[in-house]
Amino acid sequence: MLDLNRLKALHAVAVYGSIGAAAEALLVTPSAISQQLAKLERETGAVLIERNGRGVRLTDAAGLLAEHAERILALVETAEADFEALRGEVVGRLTVAAFPTAARGILPRALSLMKARHPDLGAVLYEREPERQIREVARGEIDLAVVQDWLNRPMALPEGLSRTALLDDVADVVVPSGHPLARKPGVRMSDLAGDCWISSTPGTVCHDFLIFLLRSEEHEPQIVCMADEYPTQLALVAAGHGCALIPRLGRGALPEGVEVLSIQPPPTRRIYAVWRSDAARRPAIRAAVDALASTCSELPAG
C-alpha cells in the first residue's frame, strides 16, 4: 500500500520543482524528502527521481504517480473535513497566513479569540505576501489566508478557493505638519500631484496602487524614498521628506510632526479571508473566519 507521507513528498517535489523547495514547503529537511522518495521507489519498484545537473527531475512514472497523489491528497482533505464536520468539534491544527499589516493589526486579537473560544484548536500564524498566500492555500500548505485587494489589482482566486470579505480599509495621505494642505479637511490626489512621495518598494501592492492613483490624475509620481514598513514611512514624513499613502489598519500611533489628510474619493482596499472550498466544512475554518470577522468589526473606523 502506498504511504501517504511519501506521496505528499513526491507531490511537493512535482509542484515546487526541487527537493529543497519541497522541504521548505513541508517544513522538513531536504534529507527527509530524499528518504521518503527513496522509500517510495522501493515501494513501487520504479525509478522516480533522476539527477539533472545540480537538481533532479521526475521520471514519467513519477509524473503519473504525482498526478494520482494530488487527487488522493484532495480526497483525504475532504474526508478529514467531513469527519470534523460530523463531530462538530473545533479541534486540531490550523495554519493561517496574513500579509504584514494584517498579521500585526488583525491576527493577534483574532488568535486570542480563537484560543478563548476553542482551546483545543492550535492555530499557527505565518506572515506572507498576498501572492504567496494564495498559492500556498491552493496547494494545501496553508489552511486559511488573510489577503488584500486594491482597486487596480483585483484579486483573482484560483478554482477551488472560497473567500469572504472582512474589512474595507481606507487609506489616507500623511503629510508633514508644515505642508500647505495640512489643515484642509479633505483633498483630492490631484491636489498633491506635485509633491514628493514615500512609497513601498516597486513590485509591492501598495507601491503599485500609489503609482496607479497618481497616474490616474495624469501626474507622474516623484518617489524620493522607499520603505516597506509603515512606521518607517511615517518617520520619513515627519522628517519632511515627502508624503505617504497609509492604510488606516497599518497606521498605528502617529509620530509628532505629521498630519493626516482624508482623500476624496477615499482610496480603499478590501481585506478577505480565503480558504480551500473542499475544507469549508471544517469547524476549525468556520471558527477562524468568525474570529477574524469579530476582530475586524471591532476595529476603530480610523
Side-chain angles (χ1 to χ4, degrees), residues 2-37 40 48-49 55-59 61-84 92-100 102-103 107 121-149 153-164 205 271-282 284-286 288-289 292:
L2 296 174
D3 182 89
L4 191 61
N5 287 326
R6 293 166 198 165
L7 289 177
K8 186 179 293 186
L10 176 65
H11 177 255
V13 174
V15 168
Y16 293 100
S18 73
I19 289 175
E24 182 181 358
L26 296 180
L27 302 179
V28 298
T29 63
S31 63
I33 296 290
S34 296
Q35 289 171 20
Q36 293 282 28
L37 295 177
L40 189 58
L48 302 176
I49 298 291
V56 298
R57 74 171 188 87
L58 297 183
T59 64
L64 177 65
L65 190 55
E67 290 178 6
H68 285 294
E70 183 172 10
R71 292 193 289 271
I72 291 168
L73 293 171
L75 285 171
V76 169
E77 179 178 41
T78 300
E80 290 174 342
D82 286 344
F83 189 65
E84 284 188 30
R93 181 176 183 267
L94 189 80
T95 50
V96 183
F99 62 96
L107 267 298
L121 176 64
V124 180
L125 171 64
Y126 298 92
E127 187 177 287
R128 295 282 195 266
E129 290 302 324
E131 292 82 0
R132 181 176 176 182
Q133 291 172 259
I134 295 295
R135 292 196 301 270
E136 291 183 339
V137 173
R139 291 168 177 167
E141 299 146 25
I142 297 292
D143 296 313
L144 186 73
V146 180
V147 302
Q148 59 180 329
D149 178 336
R153 193 186 290 182
M155 182 176 62
L157 284 186
E159 185 178 354
L161 298 188
S162 300
R163 72 180 182 182
T164 189
V205 176
I271 297 173
Y272 295 93
V274 175
W275 61 92
R276 289 182 302 286
S277 302
D278 288 344
R281 293 180 297 281
R282 287 186 63 192
I285 294 288
R286 296 198 301 271
V289 172
L292 288 165

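Taking CD from Glu67 and CG from Leu10, the interatomic distance works out to 10.5 Å, rounded to the nearest 0.5 Å. In this structure, NE2 in His68 is found 4.5 Å from CG in Leu64, a value given to the nearest 0.5 Å. In this structure, CD1 in Ile271 is found 13.0 Å from CZ in Arg163, a value given to the nearest 0.5 Å. Atom CD of Glu70 is separated from atom CG of Leu7 by 12.0 Å, given to the nearest 0.5 angstrom.
Shown here are the side chain to side chain donor-acceptor pair (under 3.5 Å) partners of Thr95, two or more places apart in sequence or in another chain: Asp143. Residues passing the side chain to side chain contact (heavy atoms under 4.5 Å, CB included) test with Thr29 are Ser31, Ala32, sequence neighbours excluded. Under the side chain to side chain contact (heavy atoms under 4.5 Å, CB included) criterion, Arg132 pairs with Glu24, Arg128, Arg135, Glu136, sequence neighbours left out. Among residues two or more places apart in sequence or in another chain, the side chain to side chain contact (heavy atoms under 4.5 Å, CB included) test is passed with Ala98 by Ala102, Ala103, Leu107, Leu125, Val146. Contacts of Ala288 classified as side chain to side chain contact (heavy atoms under 4.5 Å, CB included), with partners at least two apart in sequence or in another chain: Leu94, Met114, Leu144. By the side chain to side chain donor-acceptor pair (under 3.5 Å) test, Thr164 pairs with no residue at all, sequence neighbours left out.
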>> Apply side-chain contact (heavy atoms from CB on, under 4.5 Å) to residues Leu161 and Arg276 and explain how you reach the verdict.
In response: CA-CA 4 Å; Leu161 298 188; Arg276 289 182 302 286; 3.7 Å; yes
>> Set out, in order, the CA-CA distance, both residues' side-chain angles and the distance that settles side-chain contact (heavy atoms from CB on, under 4.5 Å) for Gln35 and Val28, then state yes or no.
In response: CA-CA 11 Å; Gln35 289 171 20; Val28 298; over 6 Å; no
> Given the rule in the side-chain contact (heavy atoms from CB on, under 4.5 Å) test, do Val274 and Gln133 qualify, once you have shown the distances and angles that lead to the verdict?
Replying inline: CA-CA 9 Å; Val274 175; Gln133 291 172 259; over 6 Å; no
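In this structure, Val147 and Phe99 approach most closely via the heavy-atom pair C-CE2, 3.7 Å. The two atoms that bring Gln148 and Val205 nearest to each other are NE2-CB, 4.3 Å, heavy atoms only. Nearest heavy atoms, Ala273 versus Val289: CB-CG2, 4.5 Å. Here the closest non-hydrogen pair linking Ser162 and Leu157 is C-CD1, 4.1 Å. Of all heavy-atom pairs between Ala145 and Val137, the closest is CB-CG2, 3.6 Å. In terms of heavy atoms, Ala14 sits closest to Leu58 at CB-CD1, 3.5 Å.
Between Leu40 and Leu65 there is a side-chain heavy-atom pair separated by less than 4.5 Å.
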